[in-house]
Amino acid sequence: VEASIPEPQREAWQRNQITGFTDKDGFEKEVVRHVETTLARSMFNCDEIAAYSATSLAFRDRLVTHWNKTQQRQTYRDTKRVYYLSLEFLMGRALDNAMLNVGLKDIAKDGLSDLGFRIEDVIKQEHDAALGNGGLGRLAACFLDSLATLNFPAWGYGLRYRYGIFKQEIIDGYQVEVPDYWLDFNPWEFPRHDVTVDIQFFGQVNKKTADGKTVSVWEGGEIVQAVAYDVPIPGYDTPTTNNLRLWSSKASGGEFDFQKFNSGDYESSVADQQRAETISAVLYPNDNLERGKELRLKQQYFWVAASLYDIVRRFKKAKRPWREFPDQVAIQLNDTHPTLAIVELQRILVDIEGLEWDVAWEIVTSTFGYTNHTVLPEALEKWPVGLVQHLLPRHLQIIYDINLYFLQTVEKAFPNDRDILRRVSIIEESQPKMVRMAFLAIVGSHKVNGVAELHSDLIQTTIFKDFVAIYGPDKFTNVTNGITPRRWLHQANPRLSELIASKCGGYEFLKDLTLLSQLKQHVDDKQFRKEWAEIKYANKVRLAKHIKDTTGVVVNPAALFDVQVKRIHEYKRQQLNIFGVIHRYLTLKAMTPEERKTQMPRVSIFGGKAAPGYWMAKQIIHLINSVGAVVNKDDDVGDLLKVIFLEDYNVSKAEMICPASDISEHISTAGTEYVYLQLSIPFISTSYSFVENGGHDGEAVTDNSQRASGTSNMKFVLNGGLIIGTLDGANIEITREIGESNIFLFGNLSEDVEDLRHSHTYGAHTIDPDLDKVFDEIEKGTFGTPHDFSAMIAAVRQHGDYYLVSDDFHSYIETHHLVDKAYRNQDEWIAKCIRSVACMGFFTSDRCINEYAEEIWNVEPLVVERN
Ligand code: AMP
Ligand code: H2P
C-alpha cells in the first residue's frame, strides 16, 4: 500500500516539522506536557515514576525525530545495511544513556530540579531491559551503541520477551527466582501494529509443477503472527539513531478462533491465543547451555523468519536484481541461535523467488557472517533431526541438500579421507540424529570469527579444525571483544570521565579511546592522583551505601573492595573465591589481636545469577551467603573481612559496582575437556548429550580455554580497578596492553590443564593442604549444615576436581597476599590504575565494529546531517 503523501501536500508537512527541545525551558515544557496530557496527571500527583516517564517521553520524542531522519536518509541513499541478529540484547536502562548521547543531560538535570526532582532519583525509576543472560547479550548492546555512534546504517533484530532474565531474590541465603515483568510501562518502544509477519510452523511439503518447473510448497500447519516493536538506538554525539526491532508473538487472525468460539469452545480458542503468545514470552535463562527444547527452536525460527521477511521486503523496495543482495545486506549471526536464517533465506530465494539453487546459495553465503562465543561443548547447539522435521519440514530438506552439496565438495578435495565426511557433516549420525548448528553456520557464512585472540586460535585448531582445512584459513578471523566507553565510563563513572577529559583535551576520547594514552604523561602528577583516588573513594562510598541499604551490613569504604560479579558457573570459579575467603577468615581467626592489626581490611563482594536448573551454582550462592552470615557478625575480624552477596546483579548494578572496585576477579580455569562434565553438571539430560562422542568433531575437545573472552574485565580496568585473573580469554590481551606489572596473574596455564586433570586420581585425590583445612571447617558445621555443601567439596576431593580448584588454590592465595601488599602502597596502586586506563584504548567496541565493518561486512558509515 502506497501511503506516502503526494508532492503538493508535502509542503504542509515540511512547514510543520517537529524540532525537539534544545534548552531548559523547552525541556520543562515537554515534561509538563507529557505529565499533563500523555500521563493525565498534574503537579498534584506527579511522583518520581511519573517524572521518569515524562522525561523519557520528552527524550524519546527527540530521538524519534532523529530516528526518522536517519531512516529516511538511509532509504534515500540505499547504501548497504548491517543486520545484527541476536537472541539477546542486554540493554539495561535507556534514559541516562539517551540524555548523555544526545548531549542534553545537564539541561535535563536543571530542568528537573526546577520542577522539583533530583535527576539521580528519576533515572533510578527505570526498570532494566534485561533481555539477555550475560556477556553475549551485553556485547550485542555495546555493539548497537558503537554502530550508531560510528554512523553505520544498522538494525538489530531480536525477540521482545515479555519476561526478561528472572529477578533474583536471596531468601535465607538461597536464590529464589521471581518473574521479571518489565513491560508495565516501557516508554522506549514503539509498537508497530502495521508491521506484522505471518510465521508458519509444522505442516507438510508438497511438490508442485508449474510452467514445467517442479517446486516444493510448504503447506498446512499453524500460523503465528509476529508484531514489530521498535526501540530507537541513539549514537553518541551524532544525530544517527538506529533501530532495534524486537518481535512479539500473537495468534494470527484476530483475537481468537471465532469458529471455536461460536461452537462453544471458548476455552480452547483462548488456549490457542495463549500458545501463540508463549513463543515470545520468556528468555531462556541458561548461559552457556543448550537443552534442545521445542519452544526454544520455535523462538529461533519465529524471530529469524520475521527478521528475514523484513530485510527482504526492504531490499525489494529498490527493485534491484537479486545478485545485488549481498551488496546491500550484511547479516551477522550472534552465535548459532539465528543459524536458521541461512536456511530461511535459501528457502525464500529458491521456493518463493524461483532462483536456481546455486545462484541462491552464492547470495546466501555472501550475506552471512557467524560469530562463535564459546568452545564449551555443552553450549554448542544441536537439534534432533526429528524435531526439526516436525516443526520445519521444508527447512530440514534444505539442510539435507546444503549438507549433500557441501559433502560432495569435501569428498572431491579429500578423496581418500572417508572419516572427514563423518566429522564435518552437518548431520551427526548419532542416536537420535542431530543437526549441528555451528557447522551449518560455518558452511552458510563467508566469515567466521572468535571473540579473543586465544579463543579464535583455539576454534581453528580444535572444534573447527577440519573446516580450516576445507575452506582455508582466510574464512576464519578474530575480532577481540570490546565495550562501549559511553555507558561503561562516561555514564557509570561521570566524575572519572570528567577528570580524564581534563587531561585528554576534552571528551573526544569517548569517540577515540586511544586518546586515553595521554594519561601516561600525568601519572606522576600528585594532584591528579589525589583526585583520582578521591573519585574511587566516593564510588566506594556509594556502593557501601547500597550494601547497607540492601543487606544491612556496614562496610568500611577504606577497605580493599574485592569484586566478582558475573553469572554463577563452575568454570567461572566463584567456588575458588569463596574457599579463598574462608581461608582468609581462618587465618585471621588464628591471629592474635596484635597480629590482626597489621592486616589489610577487605570486603569480598559477590553478585550474579545461577541458571534456575543449575543446582551446583545455586549451592555456591548458598555457601557465599552462609559464610557472610558467620563472618559479618564475628567481632574478632570486624572490619578486616566482610562477605557480601549483592542480590539481582544486572546492568544497572554493574554500572554502580564497576567504578567502586579495587580488585576484581576473572579467574576461570584456563582449559577444559568434556569427559567429566556429566558429573559436575548433573542436570544435563543424557538423551541430549554431547558426552557420547565428545565435541562437535567427534573427538575429545582438548586444551580449550573455557572463557572465550570475558568483557567485564575490560569494564573494571577502564574504571580504574586492577584485576586478578588467569591467563584466559581477553585477560591475555589486557595483559599485553597494560603490562604484566599492572595485573595479578595466577594459576596453571591452559597447556598444562589436560595433564593435571589426568593426574587427578578418582576417589582419593590429594589436595592442597590449605584447601583441605577449608573443607574440614565447612564439614565441622561452621557455616551451617555441612551436608548442604558436601557436593561442592566432593567435586574437588572425590570427583577429579575438573575445574582445578585445588591445583590453583595455593597460587591464588599467594597472589591475594601480593594484592594486599600492593594495596598498602596507595600511591603506587593509583599509579598502576592510571597506567592501565591509559592503555585501554584497544578495548572499545568502536574498534570491534570498525573491524567487523572492514573485514566481514564491507559497509561504510553514512553521516546524517544535523538539524
Ligand atoms: P522500512 O525500511 O520500510 O522498514 O522503513 C523504515 C523507515 O525508513 C521508515 O519508518 C521511514 O522513516 C523510512 N522510509 C521508508 N520508506 C521511505 C521513503 N520512500 N523515503 C524516505 N524514507 C523512507
Ligand atoms: C560469552 C562468553 C564470554 C564472551 C561473551 C561475548 C558466551 O558470554 O562466555 O567469554 O566474552 O560471550 O563474546 P557469557 O558466557 O557471559 O554469556
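In what follows, residues are counted from 1 in the order of the sequence shown. Read the numbers this way: they start at 1 and go in the same order the structure lists the ligands and their atoms. Note that the structure is a prediction, hence the values are computed from the model and not measured.
- Heavy-atom contacts of Ala708 reach the following atoms of ligand 2: 10 (O) (cutoff under 4.0 Å).
- In terms of protein heavy atoms, atom 9 (C) of ligand 1 is closest to Gln71 CB, 4.4 Å.
- Set against the non-hydrogen atoms of Asn68, the atoms of ligand 1 under 4.0 Å away are 12 (O).
- Checking Phe315, Trp155, Phe190 against atom 6 (C) of ligand 1, the nearest heavy atom belongs to Trp155.
- Atom numbering of ligand 2 starts at 1 in the shown order; those under 4.0 Å from a heavy atom of Asn481 are 4 (C), 6 (C), 11 (O), 13 (O).
- Of the protein's non-hydrogen atoms, the one nearest atom 20 (N) of ligand 1 is Thr75 CG2, 4.1 Å.
- Numbered from 1 in the order shown, with element, the atoms of ligand 1 that lie under 4.0 Å from a heavy atom of Trp67 read 10 (O).
- For the atom pair CZ of Phe143 and OG1 of Thr371, the computed distance is 7.0 Å after rounding to the nearest 0.5 Å.
- Relative to the six-membered ring of Phe842, Arg847 meets both conditions, a distance below 6.0 Å and an angle of at most 45° to the axis.
- Using a 4.5 Å cut-off on side-chain heavy atoms (C-beta onward), Gln332 and Trp857 make contact.
- Counting heavy atoms under 4.0 Å from ligand 1, residue Gln74 does not touch it at all.
- In terms of protein heavy atoms, atom 2 (O) of ligand 1 is closest to Arg314 NE, 2.5 Å.
- Under the 4.0 angstrom criterion for non-hydrogen atoms, Thr374 is not in contact with ligand 2.
- Within the cation-pi definition used here (under 6.0 Å to the ring centroid, within 45° of the axis), Lys609 qualifies as a partner of Phe166.
- Geometrically, Arg60 engages Phe190 in a cation-pi contact defined by less than 6.0 Å to the ring centre and at most 45° from the axis.
- For the 3.5 Å distance criterion, the side chains of Glu570 and Tyr614 qualify, holding a donor opposite an acceptor.
- A cation-pi arrangement is present between Arg160 and Tyr229, with the terminal nitrogen or guanidinium carbon under 6.0 Å from the aromatic centre and inside a 45° cone about the axis.
- Between the side chains of Asn481 and Thr711, not a single donor N or O lies within less than 3.5 Å of an accepting N or O.
- Residue-ligand proximity, Tyr571 to ligand 2, at heavy-atom distances under 4.0 Å covers atoms 9 (O), 15 (O).
- Atom 3 (O) of ligand 1 has as its closest protein heavy atom Lys317 NZ, 2.7 Å.
- The ligand atoms of ligand 1 that sit less than 4.0 angstrom from a heavy atom of Arg313 are 1 (P), 3 (O), 4 (O).
- Heavy-atom proximity to Val451, at under 4.0 Å, picks out these atoms of ligand 2: 13 (O).
- Counting protein heavy atoms only, atom 21 (C) of ligand 1 is closest to Gln72 CG, 3.7 Å.
- A donor-acceptor pair shorter than 3.5 Å can be found between the side chains of Asn449 and Tyr852.
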